[in-house]
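Report on one structure; see the data block that follows.
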Amino acid sequence: MALKPEANAVLEGPEWPARLDVRALLEDGWRPTPFREFVIKIHSRCNLACSYCYMYEMADQSWRSQPRRMADATIETVARRIAEHVESNGLTRIELILHGGEPLLAGPQSLRHAVTAVRSAVGGGVTVSASLQTNGMLLDSEHLDLFAELGVRVSISLDGDEEGHDRHRRAPNGSGSHRRVVAGLERLLEPQYRHLFAGLLSAIDLRNEPVTTYEALLDFGPPSLDFLLPHGTWDSPPPRAFSAASAAASADAPYGDWLIQVFDRWYKAPVSETRVRLFNEIIRMVFGRPSRTESVGLSPFAAVVVETNGAIEQVDTLKAAYEGAARTPLHVSRDSFDKTLMLPSFAARQIGLRALSDECLDCDLVRICGGGLYPHRYRAGSGFANPSVYCRDLFRLISHIATTVRRDVSELRENGQRRIDVNGRTEGTK
């Protein structure tokens with residue numbers, strides 16, 4: 001791939017990593033990891049008004065000026081740019097993620113066009129794994145038949161039982177969405193579609209009892225669960241407690257303690273129950289394997305976002321930090337994804353320890369934590385050169401998981417009575 005950084009001609013802000021010297025990195029031997037995950041904002045609006053949404057309720061309000069739906073011509077340009085990147089980097093497999101807003105608002109025709117245009121552009125020698133993140137309310141037989149035809153896997157956002165879910169995930173008129181989401185989910189679980197079910201995504205609320213929340217999600221038999229920490233920064237921190245009792249019980253790491261309760265319940269269950277991505281990734285790293293998620297670890301982040309107007313952006317969760325945090329000066333009509341990799345903001349996500357604060361580098365868990373999710377590190381003045389606002393929570397959770405699995409490995413070595421699977425979880429007795 002041609003490496004032509006513009007000597008930091010584009011400075012994307014006054015804070016880290018705007019002045020990261022990409023040319024110096026290249027001269028020192030660093031090379032970017034090609035993008036393998038392409039997030040296409042197929043629709044920029046949503047049919048819910050979730051109170052914690054980073055897209056619509058936090059610092060960046062740029063969605064207001066975006067076209068509602070990505071035009072067919074823009075989709076075709078994106079497809080050509082993806083094919084160009086695939087060819088120049090010799091890729092044989094990529095991920096295409098249809099996102100929003102609520103992507104189902106784009107309609108079956110646009111969704112079909114996005115998937116088929118990318119697959120046609122990259123050619124038959126490249127596998128394009130397509131997936132979609134949705135609130136599930138618009139899932140119907142027309143959409144599901146399309147996804148079955150194209151092999152599009154579906155993840156649904158669900159925050160637990162009805163009370164926990166409806167606290168935040170409401171319609172614009174204030175009504176709860178749980179029943180409608182479950183109705184869509186049940187359609188996905190019908191025998192002819194169930195193979196499309198990728199898993200559930202659930203945002204943590206400290207008011208929701210952790211094990212009850214986990215087991216409410218288990219009712220749907222998800223192959224995978226992903227628990228998300230509420231987006232926050234050092235300038236706009238997440239809630240640390242919702243009552244005097246919860247403050248007293250978990251004053252310094254309430255989210256870590258919440259997740260530990262889920263972990264302990266999950267870890268004792270059969271391996272086949274479900275995967276919890278955060279837990280599995282931490283366990284992998286305890287055993288020396290690389291992370292496969294941006295939430296933890298030091299693996300190069302290899303994803304890029306294209307907005308409905310064709311603008312090339314960083315990961316959209318950065319919109320929780322400040323207005324324009326995800327923005328770049330690039331656009332698919334004139335710029336390649338290879339060029340995008342040369343921006344300081346993208347390079348910073350791929351240089352591992354060199355992107356972390358001194359506090360992180362002094363921590364014994366730095367190679368597992370990796371500084372936490374990038375948007376959660378933001379502080380005005382120093383940018384993203386900080387530990388996560390969830391530093392104490394992550395330290396407590398990772399320490400607990402590491403202690404637990406290492407204890408089991410020790411028992412295995414001592415008496416051979418327990419087996420550990422590839423992710424470090426106990427499979428049971430012989």
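Any value given below was found using the heavy atoms of this structure, including those in side chains, with hydrogens, waters and symmetry copies removed.
The closest donor-acceptor contact from the side chain of N386 to the backbone of R377 lies under 3.5 Å. For R354 (side chain) and Q350 (main-chain N/O), no donor-acceptor pair under 3.5 Å exists by modelled atom type. No donor-acceptor pair under 3.5 Å is formed between the side chain of S382 and the backbone N or O of A385. No donor-acceptor pair under 3.5 Å is formed between the side chain of T308 and the backbone N or O of Q66. Of the possible donor and acceptor atoms, one in the side chain of D166 sits under 3.5 Å from a partner among the backbone N and O of H178. Side-chain N or O atoms of R284 include one that pairs as donor or acceptor with a backbone N or O of P290 at under 3.5 Å. Judged by distance alone, the side chain of H331 and the main-chain N or O of N309 form a donor-acceptor pair under 3.5 Å. With hydrogens and angles disregarded, no donor-acceptor distance shorter than 3.5 Å links the side chain of R93 to the backbone of V126. Not a single donor-acceptor pair under 3.5 Å links the side chain of S129 to the backbone N or O of E95. Panel note: side chain T403, backbone S399; a donor-acceptor pair is recorded below 3.5 Å.
Of all non-hydrogen atoms in A347 and V22, the two that sit nearest each other are CB-CG2, 4.1 Å. Nearest heavy-atom pair across A321 and T233 is CA-CG2, 3.9 Å. Residues T33 and L341 approach most closely at O-CD2, 3.5 Å, considering heavy atoms. I42 approaches A106 most closely through the heavy-atom pair CG1-CB, 3.8 Å. Heavy atoms only, all atoms of each residue included: A117 and A79 are closest at O-CB, 3.5 Å. Nearest heavy-atom pair, P222 versus T274, reported as atom, atom and distance to 0.1 Å: O-OG1, 2.7 Å.
Contact check for H231 versus L373: side-chain heavy atoms found under the 4.5 Å cut-off. The shortest side-chain heavy-atom distance between P239 and L206 does not fall under the 4.5 Å cut-off. Using a 4.5 Å heavy-atom threshold, the side chains of L229 and L259 count as touching. Within the 4.5 Å cutoff, the side chain of V332 has heavy atoms near those of the I312 side chain. Using a 4.5 Å cut-off on side-chain heavy atoms (C-beta onward), L111 and V152 make no contact. Using a 4.5 Å heavy-atom threshold, the side chains of V389 and P238 count as touching. Using a 4.5 Å cut-off on side-chain heavy atoms (C-beta onward), T134 and I156 make contact. With a 4.5 Å cut-off on side-chain heavy atoms, L138 and L105 count as touching.
The 12-atom threshold is exceeded at CG of D264, counting heavy atoms of other residues, nucleotides or ligands nearer than 6.0 Å. Counting non-hydrogen atoms of other residues, nucleotides and ligands closer than 6.0 Å to CZ of R179 gives a total of 12 or fewer. Other residues, nucleotides and ligands contribute at most 12 non-hydrogen atoms within 6.0 Å of the CZ atom of F395. Remark: E323 CD is packed, more than 12 non-hydrogen atoms of other residues, nucleotides or ligands lying under 6.0 Å away. The environment of CD in E215 is crowded: more than 12 heavy-atom neighbours from other residues, nucleotides or ligands sit within 6.0 Å.
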Please walk me through it: do M285 and I398 pass side-chain contact (heavy atoms from CB on, under 4.5 Å)?
CA-CA 10 Å; M285 288 184 287; I398 293 169; over 6 Å; no
CA sep, side-chain torsions, deciding dist, call: M342, K339, side-chain contact (heavy atoms from CB on, under 4.5 Å)
CA-CA 5 Å; M342 295 295 102; K339 181 178 179 180; 5.6 Å; no
Can V306 and M70 be said to form a side-chain contact (heavy atoms from CB on, under 4.5 Å), step by step?
CA-CA 10 Å; V306 182; M70 183 175 281; 4.1 Å; yes
Would R379 and D235 satisfy side-chain contact (heavy atoms from CB on, under 4.5 Å), going step by step from the backbone distance to the final call?
CA-CA 6 Å; R379 188 195 299 268; D235 299 326; 3.8 Å; yes
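Between K319 and E307 there is a salt bridge, since a side-chain N of the basic residue sits under 4.0 Å from a carboxylate O of the acidic one. Salt-bridge formation is not detected for the pair E313/K41: no Lys NZ or Arg NE/NH1/NH2 atom is positioned less than 4.0 Å from an Asp or Glu carboxylate oxygen. Between D159 and R167 no salt bridge is recorded (no basic side-chain N to carboxylate O distance below 4.0 Å). For E273 and R265, the salt-bridge test passes: some basic side-chain N is under 4.0 Å from an acidic carboxylate O. Between D393 and R240 there is a salt bridge, with a side-chain nitrogen of the basic residue lying less than 4.0 Å from a carboxylate oxygen of the acidic one. Ion pairing between a basic and an acidic side chain is recognised when a charged N comes within 4.0 Å of a carboxylate O; E190 and R187 show no such pairing. Ion pairing of D252 with R392 is absent here, as no side-chain N (NZ or NE/NH1/NH2) approaches a carboxylate O to less than 4.0 Å.
Rounding to the nearest 0.5 angstrom, the gap separating the OG atom in S295 from the CZ atom in F227 is 13.0 Å. For the atom pair CG of L278 and CD1 of I204, the computed distance is 8.0 Å after rounding to the nearest 0.5 Å. Atom OG of S357 is separated from atom CG of D362 by 8.5 Å, given to the nearest 0.5 angstrom. The distance from the CD1 atom of I368 to the CD atom of E281 is 12.0 Å, given to the nearest 0.5 Å. If you take CZ on R23 and CG on L20, they are separated by 13.0 Å, rounding to the nearest 0.5 Å. In this structure, the separation between CD1 on I401 and CZ on R396 is 13.5 Å, given to the nearest 0.5 Å.
A side-chain donor from one of T77 and R80 sits under 3.5 Å from a side-chain acceptor of the other. No side-chain N or O of N208 forms a donor-acceptor pair with one of T213 less than 3.5 Å apart. With 3.5 Å as the limit, one finds no donor-acceptor pair spanning the side chains of H85 and S336. For the residue pair Q314 / T328, no side-chain donor-acceptor distance below 3.5 Å is found, with atom types taken as modelled. Side-chain polar atoms of Y52 and R169 form a donor-acceptor pair below 3.5 angstrom. Side chain to side chain, Y378 and E15 meet the donor-acceptor criterion of an N or O pair below 3.5 Å.
The aromatic ring centroids of W258 and Y255 lie 6.0 Å or more from each other.
Taking the centre and axis of the six-membered ring of Y374, the NZ or CZ atom of R349 falls inside the cone set by 45° and 6.0 Å.
Of the candidates F337, F301, F35, F35 is the only one forming a ring pair (Phe, Tyr, Trp, His ring centres under 6.0 Å) with F346. Paired with F279 under the rule ring pair (Phe, Tyr, Trp, His ring centres under 6.0 Å), one option of F263, Y267, Y214 passes, and it is F263.
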